[in-house]
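Everything below concerns the one structure shown next.
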Amino acid sequence: MSKTPLLDQLESGPWPSFVTDLKRMAAKKPQVKDLLAQLERSYQEKITHWKHGGIVGVLGYGSGIIGRYSDLAETFPGVEHFHTMRINQPSGWFYTTKALRGLCDIWDKHGSGLLNMHGATGDIIFLGTRTENLEPCFAELTANGWDLGGSGSTFRSPSCCLGPARCEWACYDTMEACYVLTQEMQFDMHRPSYPYKYKLKFSGCPNDCVAAVARADLSIIGVWKDDIRIDQAAVKAYAGGELKPRGGATPYAKLDIKADVTDLCPTHCMSYDGKKLAIDNRNCNHCMHCINLMPQALRPGTETGATLLLGSHAPILEGAQLSWVIQPFIVMESPYDEFKELNVRITEWWAEHGKNRERIGELILRLGMREFLEAAELPPAPQQVRIPRANPFFFWQQSDFDAEAKGRKYYTREGFDVE
Amino acid sequence: MSKTPLLDQLESGPWPSFVTDLKRMAAKKPQVKDLLAQLERSYQEKITHWKHGGIVGVLGYGSGIIGRYSDLAETFPGVEHFHTMRINQPSGWFYTTKALRGLCDIWDKHGSGLLNMHGATGDIIFLGTRTENLEPCFAELTANGWDLGGSGSTFRSPSCCLGPARCEWACYDTMEACYVLTQEMQFDMHRPSYPYKYKLKFSGCPNDCVAAVARADLSIIGVWKDDIRIDQAAVKAYAGGELKPRGGATPYAKLDIKADVTDLCPTHCMSYDGKKLAIDNRNCNHCMHCINLMPQALRPGTETGATLLLGSHAPILEGAQLSWVIQPFIVMESPYDEFKELNVRITEWWAEHGKNRERIGELILRLGMREFLEAAELPPAPQQVRIPRANPFFFWQQSDFDAEAKGRKYYTREGFDVE
Amino acid sequence: MSERKTDIGPPHYEQFLPPIIKENYGKWKYHEIPEPGVLKHVSETGAELYSVRAGAARLISTDFVREVCEVADKFCDGYLRFTSRNNIEFLLTDKGKIAGLKAELKKAGIPIGGTGHSVTSIIHTQGWVHCHTPAIDASGPVKAVMDDLFEYFGTHKLPAQVRIALACCINMCGAVHCSDIAMCGVHRTAPKIMHDRLRHLCEIPTTIASCPTGAIRPHPDKSLKSVSVNEPKCMYCGNCYTMCPALPCFDAEKGGIAILVGGKVSNAKSAPAFSRLAIPYIPNNPPRWPEVVAAIRNILIKYAEGANKWERLGEWINRIGWEKFFEVCDIPFTFQHIDDYKFQAYDTYRTSMHFKF
Amino acid sequence: MSERKTDIGPPHYEQFLPPIIKENYGKWKYHEIPEPGVLKHVSETGAELYSVRAGAARLISTDFVREVCEVADKFCDGYLRFTSRNNIEFLLTDKGKIAGLKAELKKAGIPIGGTGHSVTSIIHTQGWVHCHTPAIDASGPVKAVMDDLFEYFGTHKLPAQVRIALACCINMCGAVHCSDIAMCGVHRTAPKIMHDRLRHLCEIPTTIASCPTGAIRPHPDKSLKSVSVNEPKCMYCGNCYTMCPALPCFDAEKGGIAILVGGKVSNAKSAPAFSRLAIPYIPNNPPRWPEVVAAIRNILIKYAEGANKWERLGEWINRIGWEKFFEVCDIPFTFQHIDDYKFQAYDTYRTSMHFKF
Ligand code: SRM
Ligand code: SRM
Ligand code: SRM
Ligand code: SRM
Ligand code: SF4
Ligand code: SF4
Ligand code: SF4
Ligand code: SF4
Ligand code: SF4
Ligand code: SF4
Ligand code: SF4
Ligand code: SF4
């Protein structure tokens with residue numbers, strides 16, 4: 001009789017089965033056999049059998065490894081230690097088979113042979129090894145050009161959509177920006193010196209294919225400032241049904257430009273008279289809807305850059321947050337100095353004021369946007385808010401009164417106050 | 001030279017001038033002269049000259065009077081005392097001239113002769129008298145059928161739109177409901193026994209002409225459950241321009257039924273084919289827009305009652321709140337027993353748990369909607385929320401587990417839990 | 001002495017209703033607004049009721065009330081009412097009397113209007129006339145603004161109704177927090193502590209608890225038996241003063257008016273909504289507050305020009321976006337506009353790419 | 001011993017890009033999706049790149065990776081990538097090779113799809129395979145749901161894309177909080193305090209501070225040097241356990257899955273939005289969680305039937321209203337649906353008459 005009758009039931013069905021895959025590895029690796037056996041126990045008992053993680057790592061780093069021990073080590077000695085190694089992925093998750101095989105070789109040698117491509121943050125996740133293997137595995141990784149990613153209270157491995165590598169809508173070079181910032185922040189990635197985790201995600205346009213707005217403390221989302229480029233001939237082809245909506249990836253054969261595009265434009269800034277498509281670009285929200293449905297007729301403008309949004313994270317502790325706009329537009333070009341400097345101002349302010357396990361977004365809620373914006377040297381802008389405050393409980397600081405005394409009407413920031 | 005050069009500047013212009021009106025009263029009443037003089041001082045100095053109110057009242061009542069003393073009593077002895085008396089207005093603010101003159105006689109005798117018709121809560125505001133006049137004035141008021149309204153931590157004078165008295169849209173009898181509840185709550189109105197103020201406002205339909213949703217702890221807003229009544233002939237008359245939109249009260253001569261009505265219906269549950277207007281009533285939001293624009297063609301349904309919403313108040317202390325739905329539908333018919341009993345459950349729970357100066361809406365936020373709904377014996381309903389919670393931080397109580405153990409799927413309330 | 005009457009409540013409304021209303025109570029079928037300020041309600045019985053709506057200062061004298069009563073006796077058989085926005089409504093059944101009524105009101109300087117797509121009377125409060133916490137007067141700014149917007153009271157020129165309100169302090173008596181345009185008196189000075197008086201007048205724990213931002217602490221010098229205020233944490237709400245008269249937070253120079261816009265109450269089309277900060281501060285400038293008057297006119301005009309048919313002010317702003325509102329009205333955007341007050345703040349931040357440059 | 005290498009960071013991506021991408025980097029002009037799982041990108045230079053997207057379990061072995069590499073060598077000159085949702089993309093320039101690639105993948109049991117109006121791979125987490133706080137497994141429920149929804153992976157049948165995610169506890173690793181449909185593992189038991197261990201393992205002040213609801217207090221019996229938990233205040237978040245291993249909050253019987261719906265990330269049409277609670281609790285039922293599978297299918301089907309063209313799941317619900325969602329999907333509405341968690345709660349209440357019966 002099988003030792004994993006419950007898990008076995010996950011071998012049927014059309015979707016690829018992790019059980020089947022693990023079983024063949026179990027034939028080669030005793031720790032995988034024990035992993036399956038322990039997992040079967042969890043399936044029976046509906047409870048995890050991993051102990052609260054311990055602190056393990058490689059020399060000089062305080063991150064990149066998640067310690068993990070079984071609470072059934074006596075029964076399943078193969079999983080007594082089952083630590084995770086997070087390997088920082090390359091920008092856009094591009095690989096050559098050579099590189100991938102190299103990684104497999106290292107992991108077969110030093111670990112369980114199980115992995116995730118990729119973890120939810122973006123790292124390559126090497127799943128399951130013993131403490132004594134960490135250092136040799138790390139040495140071999142670095143020898144082959146790989147390094148660990150982040151974990152704990154560090155700068156976490158940034159990730160990006162593939163952007164200009166394969167997408168016509170990328171408003172800046174997400175791949176390069178992600179790489180440069182990852183390199184820039186190596187020290188902070190490997191040595192926990194922040195109040196909590198800090199994540200960066202780079203999306204090339206408002207479609208946000210790496211979910212930056214939901215999962216990155218600092219979300220860098222591409223955008224254009226000028227006009228959507230229109231190819232009226234292609235518009236005609238969509239109207240005529242020669243071109244399929246959304247490149248063909250829908251159940252709908254033909255686009256009704258009014259019903260499907262202009263009527264659904266959230267700002268109603270488009271019009272179509274049956275012949276020509278017109279856009280009042282000053283009132284466009286950059287939502288991408290029209291572009292998404294007619295990729296051969298419409299393209300973002302050419303004055304491009306990114307919007308910076310800050311603060312998103314999962315629900316711990318006060319409920320989830322989505323990132324909000326802190327800088328409506330920034331030019332994102334190598335060497336990204338403006339961006340790097342801003343990033344430093346943000347993390348320094350947070351490191352100084354943040355409590356243990358307080359994300360930057362929570363800190364701002366605690367201390368107020370003004371204190372943050374002044375520290376980050378960003379002027380207030382209406383784009384930062386969806387709506388202005390409703391309550392009358394606002395503060396005035398000496399700088400406001402000083403500006404008033406100087407005959408200025410409002411203080412917005414040193415050098416930026418309004419006459 | 002005039003003693004009130006600043007105020008005098010408020011005598012010009014087309015809008016009726018309170019200064020002109022007060023000046024003629026000043027000729028008769030020295031306290032009004034002093035009031036104007038003190039007000040002029042405030043206009044010069046940009047500061048109030050009223051002291052923090054003291055506690056004054058009539059025998060046996062703890063409300064209805066706002067004590068007020070001048071901080072310039074030596075200069076302006078006429079306003080040394082300048083207390084307000086709040087007289088509970090009749091439902092819908094209807095009067096006969098006889099009744100009004102009677103009130104004027106009383107006030108000329110006992111007070112300054114100045115008043116507000118009406119205060120923001122709805123009372124008749126007698127503005128300015130001395131402590132020793134309160135009791136005689138009160139005696140004469142009650143002798144003539146009038147009584148004081150609420151102030152302080154009491155049940156405040158309820159108010160209502162004129163409803164069935166003059167409006168075709170009233171979904172219940174706001175005037176009678178307001179009267180009955182006011183009578184019912186006399187004890188609580190005149191004896192402060194609540195944690196803070198508690199207000200009721202009755203609007204006959206979702207147009208909410210007494211701003212109940214914004215200004216009443218308990219807002220009773222009329223609504224219908226069945227179908228909007230349509231007179232297709234009148235629809236045609238609107239389409240043809242014979243009938244003017246909104247009864248004529250707009251700059252627009254003719255209604256474009258599609259552009260003005262059906263396209264703007266917030267749920268898009270209407271359609272108009274150029275001839276017939278159709279409404280998918282199950283998807284109507286009761287927003288009133290279509291009815292407002294075509295009062296001769298459309299009327300609310302006939303299965304009518306009210307929605308109860310709870311919690312609104314001005315920004316003190318945690319920011320303003322709008323009332324939210326606690327009971328989507330209640331039949332409002334004399335003697336209003338169901339409503340009265342619910343009102344008692346609400347105030348008792350609040351009186352028991354509320355902190356000093358904590359409005360009912362704030363208490364619910366502090367203790368949670370479930371605790372409130374269970375105390376009020378109201379089942380949870382999706383109409384109570386605009387959207388369900390986003391966070392995963394929810395509680396389970398023993399009653400939930402008990403219901404589960406009994407084979408019920410969810411506990412919603414004793415006797416209401418779901419199989 | 002006869003028994004003292006208490007708790008009798010208000011008179012029953014029925015005795016104040018004109019006969020036509022008693023007869024047609026609950027039977028109204030539809031209404032028309034034949035001209036600004038004149039309502040016509042038609043009953044299922046065919047009966048027709050006319051209401052003529054007139055504006056007044058809300059702060060009035062018994063003399064004025066008696067004047068109004070005379071008019072009502074002459075044209076309305078002595079029946080009249082007030083509206084939820086402090087207008088007077090003259091109720092009559094004889095259409096033929098409307099012209100005479102209007103002429104009489106004109107003579108008395110009582111304007112007619114406030115219906116439909118107008119600016120109706122401004123809901124307001126006491127101000128320097130009667131309250132102890134105002135930053136501004138109430139009746140004065142209202143008079144100045146209504147003088148300026150007078151043309152909109154007696155006409156139906158606007159894209160929708162526009163409801164203006166004023167509160168003289170942030171307690172916001174009235175519906176300032178949900179008005180198309182609102183003026184709100186604001187202080188900008190932390191309370192000055194009168195240690196001598198505080199000791200006698202105030203309970204220290206209650207005073208400390210009254211501060212919503214936790215700015216008040218026991219005074220470090222225990223012998224004072226007083227409190228200290230952490231000024232940067234104070235947002236001048238005056239709640240401590242309400243609890244303790246020894247903490248006045250007034251200041252002749254720093255008080256002023258904030259303008260909030262875009263709120264509404266009705267459910268028509270869009271849901272009820274709070275007013276939002278448009279201008280954080282305009283200096284207090286009695287007797288006619290010209291900067292406030294100009295700011296409101298500016299917003300009203302831009303709205304009238306920019307809004308679609310039927311669009312309330314807040315609906316217009318939501319459609320174009322707040323960033324465009326600030327641009328169109330040429331109002332600077334400041335730190336004060338960004339919410340930083342507790343639980344509501346996060347919900348006001350822009351968590352999307354949905355904005356315009 | 002040679003110098004130890006540290007802080008080298010990841011390899012530069014350029015070395016992994018196929019030549020066509022290097023040549024056309026930043027020059028892409030448009031794309032088509034000729035069939036489910038196949039993308040065609042056309043450059044301004046006229047060059048054409050094909051990407052074939054394939055699904056896999058995310059928990060895989062090096063054997064599987066080697067298999068995939070073989071396929072990529074055979075058809076793609078050794079170039080491939082993974083997507084932000086853990087799909088594999090085979091990159092090729094020779095259109096003629098697509099058929100062969102597809103056949104090979106089919107043979108290997110690797111499904112093709114995940115593009116456009118499909119259900120693409122489920123973002124998920126570790127579960128019982130690797131984490132210490134899960135209420136559920138991750139890979140197991142994902143496999144069961146994907147088996148059931150398999151037809152939607154390789155087709156473009158839905159009104160829009162549908163993004164499903166799973167998190168095994170409320171830490172919500174992944175994007176559960178902004179997904180069209182999300183499964184979230186939930187505990188329903190307050191932590192059991194292991195007093196003996198707590199004393200040695202945990203700092204009491206940090207443990208107390210870790211509780212977001214303030215449910216943890218110092219134990220009244222000082223000699224225990226431990227804490228007590230006020231159970232009614234506990235919402236089982238496990239945050240105390242993260243800080244103090246002597247506070248496990250697991251329970252074989254009471255753990256289960258909550259379903260949240262209607263979130264999104266893109267800015268297309270509507271703004272990014274949180275997922276909202278649809279079903280507060282479904283019992284944990286390994287190995288195939290049939291009630292969860294059925295609940296998700298039910299929601300997906302109702303959505304597919306009810307949504308307008310292009311409407312994401314949350315956009316559909318917003319259009320019809322949450323009350324109709326519960327009605328259409330026949331899901332009971334419970335106390336748990338009503339937010340009562342701190343600052344966000346008020347904003348979820350219905351402060352208008354805008355609802356349907
Ligand atoms: C491995 C991974 C899940 C996966 O299977 O992919 C993971 C696993 C863990 N996460 Fe996570 N998180 C992972 C991505 C995320 C993400 C998604 C992302 O980064 O885009 C999030 C949501 C975004 C965010 O950062 O908020 C996330 C939000 C959390 C949280 C809640 C943080 C919050 O502010 O709400 C915790 C709790 C904590 O930090 O104590 C957490 C904690 C954990 C811990 C370390 C458990 C703990 O309390 O110590 C988990 C270790 C599991 C293990 O044994 O391997 N993990 N975690 C992901 C990292 C892989 C990688 O490096 O690529
Ligand atoms: C007279 C009146 C303003 C007016 O000119 O019309 C008024 C005047 C005062 N209000 Fe008010 N409120 C008046 C209607 C309101 C309303 C409107 C309503 O009831 O529809 C509100 C907003 C709705 C609400 O209840 O929240 C209102 C919200 C407040 C608040 C803030 C309460 C809150 O929860 O945010 C306070 C502050 C307090 O209670 O300490 C307040 C406090 C006060 C005090 C008693 C000042 C104080 O702190 O002691 C004022 C006395 C002024 C005076 O000297 O006469 N008043 N107050 C209104 C009562 C007249 C009447 O009875 O008809
Ligand atoms: C007399 C009064 C009720 C009362 O018991 O006193 C009243 C009477 C009518 N209202 Fe009102 N409303 C009255 C205050 C209100 C208020 C409260 C307020 O302003 O403080 C509101 C909510 C305002 C808001 O949303 O901010 C209000 C929102 C409406 C609406 C919704 C309009 C909209 O587009 O939002 C309608 C519908 C319409 O005008 O077509 C309406 C419609 C009406 C009708 C047509 C009802 C009817 O069939 O008789 C009445 C004449 C309207 C007109 O003047 O054009 N009434 N109405 C109030 C007159 C106030 C005044 O003197 O100016
Ligand atoms: C490959 C990938 C980026 C990457 O660097 O890995 C990618 C690639 C593309 N995305 Fe995406 N998106 C990818 C994850 C996402 C995500 C993130 C996520 O799901 O976690 C989102 C946000 C999801 C959300 O809103 O919840 C995302 C929202 C979009 C949208 C917005 C669609 C909408 O209606 O909301 C578009 C536009 C479209 O599909 O027309 C888009 C469009 C595209 C295009 C058409 C861009 C292009 O011109 O090449 C690509 C093919 C789309 C397709 O598969 O139909 N991509 N895309 C990711 C593939 C994930 C997968 O394997 O299934
Ligand atoms: S986020 Fe924009 S640029 Fe990046 S892959 Fe998606 S659609 Fe392309
Ligand atoms: S990107 Fe969005 S907002 Fe801009 S024109 Fe297109 S559909 Fe409209
Ligand atoms: S709230 Fe409705 S019923 Fe009452 S007066 Fe206004 S429109 Fe008429
Ligand atoms: S009342 Fe409002 S929601 Fe209902 S049909 Fe009329 S416009 Fe539409
Ligand atoms: S708004 Fe403030 S100052 Fe004005 S009456 Fe109300 S409490 Fe007094
Ligand atoms: S004015 Fe308000 S914020 Fe300032 S100290 Fe007093 S209570 Fe606190
Ligand atoms: S969601 Fe929770 S249980 Fe699952 S991996 Fe993340 S922290 Fe662990
Ligand atoms: S599980 Fe969460 S809510 Fe419960 S005691 Fe621990 S930290 Fe507090």
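Small disclaimer: the values here were computed from a predicted structure and weren't measured. In what follows, chains are A, B, ... by sequence order, proteins preceding strands, each numbered from 1.
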Between [options], which residue shows the highest count of heavy-atom pairs closer than 4.5 Å to chain D?
{"options": "A/P245, A/A212, A/S91, A/A120", "result": "A/S91"}
{"options": "A/C104, A/G13, A/G248", "result": "A/C104"}
{"options": "A/N144, A/L162, A/T182, A/L35", "result": "A/L162"}
{"options": "A/A165, A/P266, A/P90", "result": "A/A165"}
{"options": "A/C290, A/P206, A/A211", "result": "A/P206"}
{"options": "A/R24, A/K51, A/E45, A/H190", "result": "A/R24"}

Chain A contact via [X] - side chain, backbone, both or neither, heavy atoms under 4.5 Å:
{"X": "D/I60", "result": "both"}
{"X": "D/D77", "result": "neither"}
{"X": "D/E311", "result": "neither"}
{"X": "D/F153", "result": "side chain"}
{"X": "D/E35", "result": "neither"}
{"X": "D/S43", "result": "neither"}
{"X": "D/L39", "result": "side chain"}
{"X": "D/H31", "result": "both"}
{"X": "D/C76", "result": "neither"}
{"X": "D/K309", "result": "both"}
{"X": "D/E89", "result": "side chain"}

Between [X] and [Y], is any pair of side-chain heavy atoms under 4.5 Å apart?
{"X": "D/T6", "Y": "A/L59", "value": "no"}
{"X": "A/I66", "Y": "D/Q126", "value": "no"}
{"X": "D/K29", "Y": "A/R299", "value": "yes"}
{"X": "A/F94", "Y": "D/L91", "value": "yes"}
{"X": "D/T133", "Y": "A/T48", "value": "no"}
{"X": "A/L100", "Y": "D/F82", "value": "yes"}

For A/L6 versus D/P287, what's the shortest heavy-atom pair and its separation? O-CB, 3.2 Å

Nearest heavy atoms of D/G55 and A/W15, plus distance in Å: CA-CH2, 3.8 Å

Among side-chain atoms of [X] and [Y], is any donor-acceptor pair under 3.5 angstrom?
{"X": "D/Y13", "Y": "A/E176", "result": "yes"}
{"X": "A/R246", "Y": "D/H156", "result": "no"}
{"X": "D/N267", "Y": "A/H286", "result": "no"}

Just verifying a value: how many Å separate D/K269 NZ and A/N285 CG, rounded to the nearest 0.5 Å? 13.5 Å

Carboxylate-amine/guanidinium contact [X] [Y], below 4.0 Å:
{"X": "A/R101", "Y": "D/D73", "result": "yes"}
{"X": "A/D105", "Y": "D/R66", "result": "yes"}
{"X": "D/D7", "Y": "A/R191", "result": "yes"}

Part of [X] lying under 4.5 Å from any heavy atom of chain D:
{"X": "A/R166", "value": "both"}
{"X": "A/T84", "value": "both"}
{"X": "A/F82", "value": "both"}
{"X": "A/D8", "value": "neither"}

Between D/H41, D/K143, D/M146, which has the largest tally of heavy atom pairs under 4.5 Å with chain A? D/K143

Taking the six-membered ring for Trp, are D/H132 and A/H52 parallel (under 30°), tilted (30 to 60°) or perpendicular (over 60°)? tilted

